[in-house]
**Student:** 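Dropping the structure in here first, questions after.
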Protein chains: 2
Amino acid sequence: MSRSENGAAVPRRAPLNRERVLRAAVALADDIGIESLSMRKLAQELGVAPMALYKHVANKEELLDGMVSVIVAEVDPPLPGPDWKNAVRHRILSARQALLRHSWAPRVIESRTQAPPVVLDYMNSLIGMFLAGGLSADLTHHVMHALGSRMWGFTQEVFPTPQPPADPGMRAAMFRQAAERFPHIVAIATVGAHDDASSVGQGCDDQSEFEFALDVLLDGFERLHNEGWRSGVPGNRAAG
Amino acid sequence: MSRSENGAAVPRRAPLNRERVLRAAVALADDIGIESLSMRKLAQELGVAPMALYKHVANKEELLDGMVSVIVAEVDPPLPGPDWKNAVRHRILSARQALLRHSWAPRVIESRTQAPPVVLDYMNSLIGMFLAGGLSADLTHHVMHALGSRMWGFTQEVFPTPQPPADPGMRAAMFRQAAERFPHIVAIATVGAHDDASSVGQGCDDQSEFEFALDVLLDGFERLHNEGWRSGVPGNRAAG
DNA sequence: TTGACATGGCGTACAGCGTACACCTACGAT
DNA sequence: ATCGTAGGTGTACGCTGTACGCCATGTCAA
């Protein structure tokens with residue numbers, strides 16, 4: 001259909017379609033950040049009048065829905081095999097990789113009020129992995145809630161660690177002040193660090209933090225499953 | 001300072017201050033929703049011109065920071081006592097109560113780019129509870145990451161369950177369609193429900209889902225602590 | 001008493017946003 | 001030859017956050 005250059009000079013560009021709009025939106029958000037993404041800028045990027053976009057998406061919310069779908073579609077299908085725990089683990093880490101390519105994605109995902117179908121497909125498939133592993137529907141229900149956003153491969157790092165000022169004197173002063181008011185934060189932030197003042201929050205590997213938490217959860221789920229957990233049974237709370 | 005009515009009729013209202021601005025903003029957000037909260041509406045609510053607000057907050061972001069501070073200040077101080085797990089549990093559930101009074105709070109908290117000091121106070125104090133319980137700084141570091149937004153008493157329910165249409169015929173049709181495309185979702189959503197089609201997502205108690213996940217995590221932390229977990233030690237992953 | 005100054009509120013104005021609406025143009029089917 | 005439709009355009013509206021300059025008032029020094 002679209003030979004990129006036909007014999008004559010090409011006065012009309014190929015017509016837009018929904019897919020091209022969505023992909024351009026993803027690329028533009030990668031470039032300029034999701035908070036700067038506007039219908040006008042996206043239109044400009046596509047060489048088109050702003051209102052032209054509305055022939056392909058109903059409004060900006062639907063555009064964002066579509067962007068989420070594009071990304072979620074990149075997540076790998078589940079590994080086959082009997083080990084549900086490892087299969088789930090790998091799938092979630094694969095979802096994480098997809099999201100890491102688009103740092104704005106978590107915020108957009110969280111802002112959706114209706115899950116796009118592709119998103120439900122993913123959740124449905126993940127649930128299927130637990131059920132295939134033998135977990136009861138009941139336990140799986142709780143498990144999915146417990147995973148929360150972690151099933152997408154991200155946790156909201158509720159407050160990003162502020163980066164210290166460039167000036168060394170100023171930095172030392174702020175460090176001293178912080179150590180006085182927030183001694184415990186400073187204590188755990190500088191674990192294993194050689195240079196206290198400059199490495200606050202540095203020695204922190206997002207990937208291993210994520211895996212640590214994921215494994216605590218998965219191990220907990222497995223334990224409950226093996227112990228024959230049933231809903232409403234008293235004494236479940238203290239699993240030890 | 002502000003006798004509420006002085007002798008004469010009061011032609012001038014008491015001057016604004018930062019605190020009154022913040023409290024009015026919280027109340028207004030409770031009323032009309034955070035996405036409808038604008039500087040203009042807030043000013044109107046306070047009987048004042050929009051630009052008057054800027055004498056008390058630098059900009060809207062700082063207003064939102066302040067609103068978060070107001071809420072976090074409501075969280076109960078920690079219970080004393082040697083049982084760190086229960087103390088943490090109760091504190092987090094208390095934070096949850098504070099947030100539940102303001103349903104917009106989680107989204108605002110997550111959107112902050114710099115943590116207000118009150119927020120750091122809370123985190124510092126929570127960390128102190130783990131350290132007082134004997135957990136190493138290293139383990140506590142991971143633990144805080146693993147808690148993520150749950151330390152504030154909320155989990156992002158990434159996609160809210162859509163409510164079914166009112167028309168019963170339509171509802172049945174959508175249910176049949178969903179059961180076909182997303183069988184596993186339907187399976188776990190209808191656990192323990194008597195009327196499948198109408199009760200999807202109904203039999204789901206947010207509070208107990210939250211506690212389930214929190215307990216899986218806390219139990220996991222306790223187990224690692226008792227097993228003498230140390231960072232970087234291979235074999236930690238499979239805690240079983 | 002007088003002037004200086006700080007505090008707090010006001011009015012205007014601007015750029016940017018999402019998008020409703022009417023219009024036009026080109027193309028495929030009849 | 002005509003018509004319907006898909007896709008792109010131009011204009012316009014109401015809303016947003018907020019920069020800037022002005023003005024009224026209260027406090028304090030001289």
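A note on names: the letters A, B, ... follow the listed sequences, proteins ahead of strands, and every chain is numbered from 1.
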**Student:** Closest-nucleotide mapping onto DNA chain D: is A:Ala52 or B:Lys55 further toward the 5' terminus? I mean the 5' end.
**Tutor:** A:Ala52
**Student:** The criterion is side-chain hydrogen bond (donor to acceptor under 3.5 Å, both in side chains); which residues satisfy it with A:Ser38, sequence neighbours excluded?
**Tutor:** none
**Student:** For A:Asp30, check side-chain hydrogen bond (donor to acceptor under 3.5 Å, both in side chains) against everything at least two apart and list the hits.
**Tutor:** A:His102, A:Trp104
**Student:** Can you find a side chain N or O atom of B:His56 that sits less than 4.0 Å from OP1 or OP2 on C:dG9?
**Tutor:** yes
**Student:** With sequence neighbours excluded, what pairs up with A:Arg23 under the side-chain hydrogen bond (donor to acceptor under 3.5 Å, both in side chains) test?
**Tutor:** A:Glu19
**Student:** Write down the distance between CD (A:Gln44) and C1' (D:dG8), rounded to a whole number of angstrom.
**Tutor:** 16 Å
**Student:** Just how far, in rounded Å, is C1' of D:dC15 from CG of B:Leu42?
**Tutor:** 16 Å
**Student:** When the distance from CE of B:Met51 to P of D:dG21 is rounded to whole Å, what number comes out?
**Tutor:** 12 Å
**Student:** Among D:dT9, D:dG7, C:dC10, which nucleotide has an atom closest to any side-chain atom of B:Ala49?
**Tutor:** C:dC10
**Student:** In this structure, how many angstroms lie between the P atom of D:dG17 and the CG atom of B:Leu63, rounded?
**Tutor:** 10 Å
**Student:** Could you give the CG-to-C1' distance, from B:Leu46 to C:dG8, as a whole number of Å?
**Tutor:** 14 Å
**Student:** Whenever both distances are under 3.5 Å in a Watson-Crick or G-U wobble pair, mark it; put DNA chain C into dot-bracket that way, with [ ] for crossing pairs and | when the partner is on another strand.
**Tutor:** ||||||||||||||||||||||||||||||
**Student:** In residues 33-41 of chain A, which residues come under 4.0 Å of DNA chain C by heavy atom?
**Tutor:** A:Ser38, A:Met39, A:Arg40, A:Lys41
**Student:** Going by the salt bridge (Lys or Arg N to Asp or Glu O under 4.0 Å) test, which pairs reach into residues 63-75 of chain B, not counting sequence neighbours?
**Tutor:** B:Asp65-B:Arg112, B:Glu74-B:Arg101
**Student:** Is the positively charged end of A:Arg96 above the ring of A:Phe154, judged by distance under 6.0 angstrom from the centroid and angle within 45° of the axis?
**Tutor:** no
**Student:** For A:His184, which residues count as a ring-ring contact (aromatic ring centres under 6.0 Å, His included) partner, sequence neighbours excluded?
**Tutor:** none
**Student:** Between atom OH in B:Tyr54 and atom C1' in D:dG21, what is the gap in whole Å?
**Tutor:** 17 Å
**Student:** Does any part of the side chain of B:Phe175, heavy atoms only, come nearer than 4.5 Å to the side chain of B:Val186, both counted from C-beta?
**Tutor:** yes
**Student:** Could you pull out all residues at least two apart from B:Ser69 that satisfy side-chain hydrogen bond (donor to acceptor under 3.5 Å, both in side chains)?
**Tutor:** none
**Student:** Verify the contact: side-chain N or O of B:Lys60 to OP1 or OP2 of D:dG17, cut-off strictly under 4.0 Å; return yes or no.
**Tutor:** yes
**Student:** Determine which pairs satisfy side-chain hydrogen bond (donor to acceptor under 3.5 Å, both in side chains) with at least one residue from residues 40-49 of chain B, sequence neighbours left out, and list them in order.
**Tutor:** none
